[in-house]
Structure formats: structure tokens, C-alpha cells
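Note: hydrogens, waters and symmetry copies are ignored here, and every other heavy atom, side chains too, is used. Just so you know, residue 1 is the first one in the sequence shown, and it goes up from there. When a ligand or atom number is given, it counts from 1 through the structure's own listing order. Just so you know, these numbers come straight off a predicted model, no measurement behind them.
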Amino acid sequence: MASAVAGTQLISLSEALFLSKPSRNRHRFILKSKSTSPNLSSLFNSRDRLILSTPNLSHLQAVLDSSTPLSKEEADTKQDDASTLRGICRGHVSDHMLDRAEEVGYVVPTDVQRQALPVLFSRRDCILHAQTGSGKTLAYLLLIYSVINAQRSAVQALIVVPTRELGMQVTKVARMLATKAMDVTVMALLDGGMLKRHKSWLKAEPPKIVVATIASLCQMLQKQTIKLEALQVLVIDEVDFMFNSSKQVSSLRKLLTSYSSCKNRQTIFASASIPQHRRFMHDCIQQKWTKGNVVHVHVNPIEPMPSRLLHRFLICSKNQRHQMLLSLLHSDAPKSAIIFVGEQSEKSKKAGNAPPTTLLIDFLKSSYDGCSDLLLLEEDMNFNSRAASLSELKQGGGYVLVATDIAARGVDLPQTTHIYNFDLPKSAVDYLHRSGRTGRKPFSDEKCYVTNIIISEERFVLQRYENELMFNCEELVLEL
Ligand SMILES: Nc1ncnc2c1ncn2[C@@H]1O[C@H](COP(=O)(O)OP(=O)(O)OP(=O)(O)O)[C@@H](O)[C@H]1O
């Protein structure tokens, strides 16, 4: 493809074509060049990049070869730049970081980034409310990098997450964006035996960004190992989950009002689900979790569920479920899948039964040979095995992950094409987040599947979720 454009190097053209949604039958090409046709050279920005909107490659070639000036539409590509991440972030985020973001593949903003970044850069408090997999993480990270002062040795941004898994992932993206030139350190404070080492780190040289679970953070705050005097940005990710969790809510309230004040920081709340969001906004202001002029950025409110997901259900009796799942796996042959299993009840634990996750993994190990990577993720595993499970998955290849709801929030495994609810989730919100573990490539049209294995009595529960989340579930019939 690159040879089609003499004298001009196309940076990741295939990716750019893939990333840019064709609009009005035009594709966006990203060019990098020092010596190109004279009628284009004036349009290259300071970093020798040009984003050009043309119908196809041959037209692009014609424009590059032509000695005639560009049409108005082509010349307008400089303004079109406002629809790129670089354009939106110009003047707020350093060129180094934007180069890095482009290298990683973040070129065209997603809807939530397009809508939220101007609000975030205006330094107003914000509730980021957008579908699963819509790119909220990058939106708040770009804000953070626009605000922190690399010369100042103090914690300036704090991201609070509900699980270690989400924390590891956010830390990874934050570190990936930071270039060496920026000298920004990101600390993951995610409990599980590393806190001693972190204490010395915090004393020696405080990191500029901290990603933390609330329990570890509060431990450090109580001991005054971590100080928030220089805090500029506070992000609470999966905010509805945090406020709903009896274990986390009181610490969260303390963090929002006692350990730091909303007057001195910019506060961002993010989630794909904020039930009763008007009430929540009201509480934010009343309780002084945010300033009074907090903005609710609500992207695509009439469609809480990404439209790319196809939902199916399959009815069987309780004791047929393992076999039914096996038949499904054989007929779908998923590249990568997550199977959600309900948590073991206290009664079953007391009775000394094996957890349903273990039973299912054992069953699949002995009967399913469609996938070499069969992994488990659940609360009761220790920190290291949980971390190992996720990093193994991320190294590519196909996988089948058997997980409890611990993997339902925030976990980003973009290769996942199929979700199976071996047990139906307890609420519509849980259904939304489990489903959102697939369909996580923002500009892809690839269909992804969410399949529910239910007993007939559960059909009305699923119907309730369909009504609440406005999606349709189709019945699938499979012979055993
Ligand atoms: N501008 C972009 N261009 C291409 N890919 C992007 C862009 N922004 C985000 N992504 C990718 O989209 C995926 C989902 O992003 P992210 O994890 O931020 O979603 P989210 O909105 O936080 O979802 P959830 O609510 O499920 O946590 C990630 O793999 C991320 O790398």
C-alpha cells in the first residue's frame, strides 16, 4: 500500500483506514512526509503529519501527483484535524504524548472522548457516562497528563478503581502513554503484599499518578504515607459499583470529603451505568463530592448496550447446563471467550462443596479441546495468580476464561468475541457490564455474542433485563 504513494510514507495506513469510520464515503489517510507534492506541503503540521480525507487510495495518489491546488474539501482537512485526538488535545497535551498515543493506535477520538475532552480540559468536574468499551479511560488519562507538572514531586492525580484487575489495566495504559521525556511515574497501589515496598517508594519520591483500590489507599492515607495536598485530579472509575459496595462506600465518602476537598481538585466519576443519574448529580453537589457546576457527559443515552452485541438465550434443565455449554462451544468455536459463573453461596461453602467455577473448569478440561488456554479468575485466588491469569490472557492467542463477576467491570480484553452467562447475572446492571467485556474495539463492526444458558423459569428475568437495557435476545435451539 505504501508504494501507492511515491515520496510519502504512510504511517500505519491499514490501521488508519480501519480506525477512521468512513464518513460520506471518504476515508481518512494519515501521511507523514518531508518531501511531498508542493500543493500539500503547506498543510503538514509541525510534526510533519497530515490527515487527508479522500474517497480512496487512487484519489489520494492523484492528489499527491497533481500540480493543481487542492480542492476546498481537501484544504479543509486542517479543520478536519479537530476530529482527531491530536486536534482535540492540541494546546493541552504535549506533542510527545500525542505522538505516543498515535503510535499505540489512538488517532481518531471515540464519541465519549470527542464530547468529554473539551469539558475535562475546561477543568470542570465531570460525570463520564458512556457505554462499556467506549474509551473513558483514555479520556481521563489525557486530562491527567494535561494537568500534571512533571517538575513537581508529589501525587497530583489519583485514580480509584474497584478491583485490582482494573487497577492493573489502567496502570498499564497510563504507563504506556508516558514517554521517557515526560518523567512521570505511575504507582499501582492495589493491595496484596506489595504495600511495604510502596511505602518506601512513597517516602523516597512520591509518584505523580497513583492508581489505587480504596482499601489500600485508605490504609496509606491513615498512616499519612500518602499525602494529597497537591492533588489536581481525582477519578473514581466504576463509580456506581463503588457507591453500591457496602465494603467500599464509607471509605469512598471519606476520600471525597475528608481526605481532600472538591474545591481543590477536579473530580471525575466514570461508569457505563449510573442508575438514577439525576439523583446522583444532586447528591454530588449536596454532599460536596463535586463542585456545583459538575457536568454530566452522557453519550448515547437511548442505547445503553453497544449495538454490535448479539444476544441469545438457550433453555435447558439445570443438570443439562454443562453439556449445553459444551455444545455451544463446539458450535460457536469462539476465538476468545469469557464464561461467567455465579459466586458460590455461603451455604454451599459451609457444606464443603467445590466452587462452581472449579467444577466447570474441571469439566471443560476433561471434555473441551477447542482451546489450549483455559483459565480461571475469581475472588478467592491470591493476588499473584489473579495477575498471572490476566497477563497470560493478554499475550494474545485464543482463550477461554472462566470467571466470576470480578471480571465483569472494566476488564479490557479486546480479542473477546463471545460471552457466556453460565449463570444469569443478578441485575440488569451486572448484565450490561458482563456483556461489555466483548465488543471492545471502538471502530470495528465485528459482531460479538452474548449467550445466556437459562432454565425456563429464568426467561422472565432475562426479559426484564431486555426491557431495562433496551436490547433483544433471540432464542437458540441446540441439540444435545
Ligand atoms: N481513540 C481510540 N482509538 C482506538 N481505540 C481506542 C480509543 N480509545 C480507546 N480505545 C480502546 O478501546 C477499548 C476500550 O476502552 P476503555 O477500556 O477505556 O473503555 P471504557 O469506556 O472504560 O469501558 P468500560 O466501561 O467497560 O470500563 C480499549 O481497548 C482501548 O484501548
Can you tell whether the side chains of Asp430 and Arg434 come within less than 4.0 Å, N to carboxylate O?
no
How about NE2 on His298, more than 12 heavy atoms from neighbouring residues, nucleotides or ligands closer than 6.0 Å, or not?
yes
Heavy-atom distances under 4.0 Å are what count here, so tell me which part of Val173 touches ligand 1: side chain, backbone, both or neither.
neither
Say whether, by atom type as modelled, one donor and one acceptor occur between the side chain of Gln113 and the main chain of Gly135 under 3.5 angstrom.
yes
Which atoms of ligand 1 sit under 4.0 Å from any heavy atom of Thr137?
16 (P), 17 (O), 18 (O), 22 (O)
Are the side chain of Arg308 and the backbone of Ser444 linked by a donor-acceptor contact shorter than 3.5 Å?
yes
Are any of the N/O atoms on Leu85, whether in the backbone or the side chain, positioned under 3.5 angstrom from an N/O atom of ligand 1?
no
Do the rings of Phe280 and Phe243 sit parallel, tilted or perpendicular, given the 30° and 60° boundaries?
perpendicular
Counting only nitrogen or oxygen atoms and a 3.5 angstrom limit, does Gln169 reach ligand 1?
no
In ligand 1, the atoms that come under 4.0 Å of a heavy atom of Gly135 are 9 (C), 15 (O), 16 (P), 18 (O), 19 (O), 20 (P), 21 (O)
With heavy atoms and a 4.0 Å threshold, my read on which part of His433 contacts ligand 1 is neither
Are Gly436 and ligand 1 in contact, using a heavy-atom cut-off of under 4.0 Å?
no
Can you say whether the rings of His296 and His277 are parallel (under 30°), tilted (30 to 60°) or perpendicular (over 60°)?
tilted
Which bit of Arg409 is near ligand 1, meaning a heavy atom under 4.0 Å away: side chain, backbone, both or neither?
neither
Any ion pair linking Asp95 and Arg100 (charged N to carboxylate O, less than 4.0 Å)?
no
Quick look: Lys441 vs ligand 1, heavy-atom contacts under 4.0 Å, and the answer is neither
Per-atom contacts, ligand 1 versus Thr132 - under 4.0 Å to a heavy atom
23 (O), 24 (P), 25 (O), 26 (O)
Pro414, any N or O under 3.5 Å of ligand 1 N or O
no
With a 4.0 Å heavy-atom cut-off (strictly under), which part of Ser134 contacts ligand 1: side chain, backbone, both or neither?
both
Atoms of ligand 1 close to Pro442 [distance to a heavy atom under 4.0 angstrom, numbered from 1]
5 (N), 6 (C), 10 (N), 11 (C), 12 (O)
Electrostatic pair Arg437-Asp412, nearest N-O below 4.0 angstrom
no
Is it true that Lys335 and Glu446 have a side-chain N and a carboxylate O under 4.0 angstrom from each other?
yes
Does NZ in Lys291 sit with more than 12 non-hydrogen atoms of other residues, nucleotides or ligands closer than 6.0 Å?
yes
Within a distance under 4.0 Å of any heavy atom of Gly410, pick out the atoms of ligand 1 and give their elements.
27 (O)
Any heavy atom of Asp412 under 4.0 Å from ligand 1? The part involved is side chain
Counting each atom of ligand 1 from 1 as listed, which ones have a heavy atom of Arg437 under 4.0 Å away?
26 (O)
One finds that the ligand 1 atoms under 4.0 Å from a non-hydrogen atom of Gly105 are 3 (N), 4 (C)
Can you sort out which atoms of ligand 1 are near Val108, meaning under 4.0 Å from one of its heavy atoms?
1 (N), 2 (C), 3 (N)
Is any side-chain heavy atom of Glu303 closer than 4.5 Å to one of Asn300?
yes
